[in-house]
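To start, the structure under review is shown below, and the notes come after it.
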Amino acid sequence: MTSVITRFPPSPTGALHVGSARTALFSYLFARSKGGKFLLRIEDTDRERSRQEYTDQILEAMRWLGLEWDGDVVYQSKNEAAHRAASERLLKQGSAYRCFCTEEMLEAKRVAMRTQGRPYRYDGTCRNVDPAESERRAAAGEKFVVRVRKPEGGMTYRDLLHGEIKLRGEDLDDIILMKSDGRPLYHLAVVCDDIAAGVTHVIRGDDHLDNTPKQMVVYQALGAPLPEYIHIPLILGSDKKRLSKREGAENVLDYRAAGFQPDAVLNFLALLGWSHPESREILTKAELIGAFSVDRVGTAAAVFDQTKLRFLNGKHIHDRPPADRARMLADFLKTRGETPPDLKDLAAMIEVNGQRGDTLAEIADYIRFLWERPKAYDEAAVAKFLAGKAELIEKIRCEFEALADFEGESIEIFFRDFAERQGVKFKDVGQAIRVMLTGKSVSPPIFQSAAVLGRVETLLRIDAAQSLMKR
RNA sequence: GGGGCGGUAGGCGAAUGGUAGAGCCGCUGGCCUUUCAAGCCGGAGUCUGUGGGUUCAAAUCCCAUCCGCCCUGCCA
């Protein structure tokens, strides 16, 4: 048995979609789990729709996700000569033929059959044009496409997930391999390139289930062995329709911008259609590779659940040591045009924050007050915890000023005692301090936060809150 | 219209002829607690889209039906 070779062949007509990313992931996991190769091919044969910027974005997204491919990226357009040669060969063999029907004629036939309620198939007008005449008309400059002859009977193939798929002969068609401008079309190009690359397993969305027989015809005409097929289900939006832009991000890079971790996205995507044999859910990329197997991949389309992605993302982030998180957060903030504190300070702040926040964006929102003074104060919080408490607040200020030891735990112990002495609830003291230091009623532990801020800054913020109260 | 694929709680999914709904997300009650998370303990949600059939036994096999998606391009 030759070793496994899979490939991911996106067309650069848009950014990398999460659905495509999952297809890429499954191909990647399959190859890696088998010790095989995973190739990347950009299918840019559609000159009208393909754009360089999309290619760049796809490559960027693949790198970000960590779906590293083997060898160089293959650009399908560079293989055009090979595609043309294959077409010539099939023509000579007689397994393909020139079709001189114009697009207008075909369209008319299509409309006619449809209005009669009949399924459209190419009527075979040019199927039996004499080879010599075909040659002559082509030489005379008449436009033509190249079609491959479908087999007489039906076709059956075995998909590793779906089992046997049967297509009847009358549901097949003589598909077009080459356009009249001499450019190769998808079904020819994929097959040629997959053969050339030695692809052993074609893993793709199940929207290709009906394309497979068409491509098998090409394989057979070319005399090449068939690959194994694994058609994985598509991803749906919460309305059970195909995932759309309304669902939030469908572009993988949008998740990076929102503060998601590549491993978390991979983890989530893997769980959409695949399950771990021991039901584990939080898995690193290495663990996914180790545990992956096709027999645990399902066949039903799955709904993209943003909530669970967020949960997993939180796990993936908080599982990392503070230094890692600090680096991740700093990089993230820089891409947003913010200036983060230095890594050592940021790591300390992140430790204070604990498990709060599921994305880097949320984590930043939790701890930004540690390096940035509150720009505004939550009105309800002020009304509830500060209003009418000028005297208490002044006392708190004095205590902060006089504290011997400015460390989280001792500050807390001190204020517990303070609350008791004042005959007020500890909670109210804590919340008052929280609002003054953060501007909000929700934040990471406030005494540890005060310690991070330091005495000077803590007092300054209390001053600011006091002057705000007096206005 | 023709053909293909799919259907287990709100979502992801276990169970691959043998007690359905394990586990996870979410929701919810509680504990913990200076707030909010995290963590821990508990709860609700249900009988496998529907109807037949095969079988001692069906989510699982067969048929029909409904719904969804895909193909039916000189797109990929």
Side-chain angles (χ1 to χ4, degrees), chain A residues 9-13 43-46 48-50 76 99 101-103 106-107 110 113-121 143-147 159 162 165-168 170-173 175-181 183 185-187 189-190 205-214 231 233-234 236 238 240-242 268 271-276 278-282 295 298-312 314-315 318 353-358 362 366 381 385 412 415-416 419 425-435 438 440-447:
Chain A
S11 60
T13 51
E43 305 220 320
D44 54 352
T45 48
D46 185 334
E48 280 79 60
R49 295 192 301 152
S50 296
Q76 188 161 65
C99 171
C101 299
T102 64
E103 286 187 73
L106 295 173
E107 184 56 28
R110 211 169 356 242
M113 296 192 87
R114 282 303 274 274
T115 50
Q116 290 170 45
R118 312 235 3 129
Y120 172 75
R121 297 287 177 280
K143 290 260 184 204
F144 63 87
V145 299
V146 177
R147 286 181 187 271
D159 179 279
H162 296 266
I165 310 281
K166 293 179 185 151
L167 265 296
R168 300 177 309 177
E170 58 261 47
D171 292 320
L172 265 24
D173 206 354
I175 58 157
I176 298 177
L177 264 24
M178 300 287 282
K179 296 173 52 159
S180 56
D181 64 1
R183 287 228 159 82
L185 243 18
Y186 172 64
H187 293 299
V190 247
D206 65 15
D207 51 338
H208 283 288
L209 235 19
D210 295 312
N211 284 331
T212 302
K214 301 173 190 172
H231 288 97
L234 265 19
L236 271 27
S238 56
K240 299 261 183 181
K241 304 274 182 188
R242 203 171 187 174
F268 173 70
L271 257 23
L272 239 40
W274 171 84
S275 60
H276 187 278
E278 287 143 43
S279 297
R280 288 187 52 202
E281 300 252 328
I282 299 160
D295 51 299
T299 48
V303 172
F304 191 90
D305 180 9
Q306 225 90 23
T307 316
K308 186 155 185 178
L309 202 210
R310 298 173 54 76
F311 166 80
L312 288 173
K315 291 295 162 210
H318 296 303
N353 181 57
Q355 314 269 302
R356 274 155 274 253
D358 283 334
E362 288 173 5
Y366 267 113
F385 300 111
E412 176 179 337
F415 276 103
R416 277 187 190 281
K425 279 188 267 180
F426 177 55
K427 176 183 173 176
D428 291 328
V429 174
Q431 285 301 79
I433 297 173
R434 189 188 312 283
V435 176
T438 72
K440 304 176 205 167
S441 58
V442 174
S443 82
I446 198 59
F447 300 106

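Lettering of chains follows the sequences in order, A, B, ..., and the numbering in each one begins at 1.
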Nucleotide N/O of nucleotides 67-76 of chain B paired with protein N/O under 3.5 Å:
residue : atom : partner   : partner atom : Å
C69(B)  : OP1  : Lys241(A) : NZ           : 3.1
C70(B)  : OP1  : Arg242(A) : NH1          : 3.3
C70(B)  : O2'  : Asp207(A) : O            : 2.9
C71(B)  : O2'  : Lys214(A) : NZ           : 3.3
G73(B)  : OP2  : Arg110(A) : NH1          : 3.4
C74(B)  : O2   : Ser180(A) : N            : 3.0
C74(B)  : O2   : Ser180(A) : OG           : 3.1
C74(B)  : N3   : Ser180(A) : OG           : 3.0
C74(B)  : N4   : Cys101(A) : O            : 3.4
C74(B)  : N4   : Glu103(A) : N            : 3.4
C75(B)  : OP2  : Lys179(A) : NZ           : 2.9
C75(B)  : O2'  : Asp46(A)  : OD2          : 2.2
C75(B)  : O2'  : Arg49(A)  : NH2          : 2.7
C75(B)  : O2   : Arg49(A)  : NH2          : 2.9
A76(B)  : OP1  : Thr45(A)  : OG1          : 3.0
A76(B)  : OP2  : Tyr186(A) : N            : 2.7
A76(B)  : O3'  : Glu43(A)  : OE1          : 2.8
A76(B)  : O2'  : Ser11(A)  : OG           : 3.1
A76(B)  : N6   : Asn211(A) : ND2          : 3.3
A76(B)  : N1   : Asn211(A) : ND2          : 3.4

Q. Hey, which of these two, Glu281(A) or Arg356(A), hits RNA chain B nearer its 5' end, going by closest nucleotide?
A. Glu281(A)
Q. Want to settle it: does Ala302(A) or Lys427(A) sit nearer the 5' end of RNA chain B, counting the closest nucleotide to each?
A. Ala302(A)
For [N], the Watson-Crick or wobble partner whose two distances fall under 3.5 Å:
| N | value |
| --- | --- |
| G42(B) | U28(B) |
| C36(B) | none |
| C5(B) | G68(B) |

Q: Just say parallel, tilted or perpendicular for the rings of Phe304(A) and Phe268(A), cut-offs at 30° and 60°.
A: perpendicular
Pairwise [atom1] distance for [N] and [M], with rounding to whole Å:
| N | M | atom1 | result |
| --- | --- | --- | --- |
| G7(B) | C12(B) | C1' | 15 Å |
| U16(B) | A22(B) | C1' | 15 Å |
| G45(B) | G3(B) | P | 43 Å |
| A64(B) | G29(B) | P | 49 Å |
| U8(B) | A14(B) | C1' | 10 Å |
| G42(B) | G51(B) | P | 35 Å |
| G23(B) | G6(B) | P | 28 Å |
| G49(B) | C66(B) | C1' | 7 Å |

Q | Pair Glu278(A) + Arg280(A), salt bridge at N-O below 4.0 Å | A | no
Q | Short N-O contact, Asp181(A) and Lys143(A), less than 4.0 angstrom | A | no
Rounded to the nearest Å, what distance is computed from the [atom1] atom of residue [X] to the [atom2] atom of nucleotide [N]?
| X | N | atom1 | atom2 | value |
| --- | --- | --- | --- | --- |
| Phe385(A) | C36(B) | CZ | C1' | 12 Å |
| Asn353(A) | U35(B) | CG | P | 16 Å |
| His276(A) | A15(B) | NE2 | P | 13 Å |
| Asp305(A) | C25(B) | CG | P | 11 Å |
| His318(A) | G39(B) | NE2 | P | 10 Å |
| Phe311(A) | C27(B) | CZ | C1' | 15 Å |
| Phe268(A) | C24(B) | CZ | P | 17 Å |
| Leu272(A) | C24(B) | CG | P | 18 Å |

Please determine, for the side chain of [X], which listed nucleotide ([options]) has the closest atom?
| X | options | value |
| --- | --- | --- |
| Thr299(A) | G6(B), C12(B), U35(B) | G6(B) |
| Ser279(A) | G6(B), G2(B), G23(B) | G23(B) |
| Leu167(A) | G1(B), G4(B), G11(B) | G4(B) |

Q: Apply salt bridge (charged side-chain N to carboxylate O under 4.0 Å, His left out) to Lys315(A) and Glu281(A), showing your working.
A: CA-CA 10 Å; Lys315(A) 291 295 162 210; Glu281(A) 300 252 328; over 6 Å; no
Could you check whether [X] gets within reach of a base, just the sugar-phosphate, or nothing at all, counting any heavy atom under 4.0 Å?
| X | result |
| --- | --- |
| Ile175(A) | nothing |
| Gly117(A) | sugar-phosphate |
| Lys315(A) | sugar-phosphate |
| Gly273(A) | sugar-phosphate |
| Glu170(A) | nothing |

**Q.** OH on Tyr186(A) to NE2 on His208(A), rounded to 0.5 Å
**A.** 4.0 Å
Q) At under 4.0 Å, does any side-chain N or O of Lys425(A) touch on OP1 or OP2 of U35(B)? A) no
**Q.** Side-chain donor/acceptor of Ser275(A) to base of A14(B), under 3.5 Å
**A.** no
Q: Starting from the C-alpha separation in whole Å, work towards a yes-or-no answer on side chain to side chain contact (heavy atoms under 4.5 Å, CB included) for Tyr366(A) and Lys440(A).
A: CA-CA 10 Å; Tyr366(A) 267 113; Lys440(A) 304 176 205 167; over 6 Å; no
Q: Determine yes or no for a side-chain-to-main-chain donor-acceptor pair under 3.5 angstrom, with Arg434(A) supplying the side chain and Pro445(A) the backbone.
A: no
Q) Ignoring hydrogens and geometry, is there a side-chain-to-backbone donor-acceptor pair from Asp173(A) to Ile175(A) under 3.5 Å? A) no
Q. Of all residues at least two apart in sequence or in a different chain, which pass the ring pair (Phe, Tyr, Trp, His ring centres under 6.0 Å) check with Phe144(A)?
A. Phe100(A)
**Q.** Heavy atoms of other groups near Arg110(A) CZ, more than 12 under 6.0 Å
**A.** yes
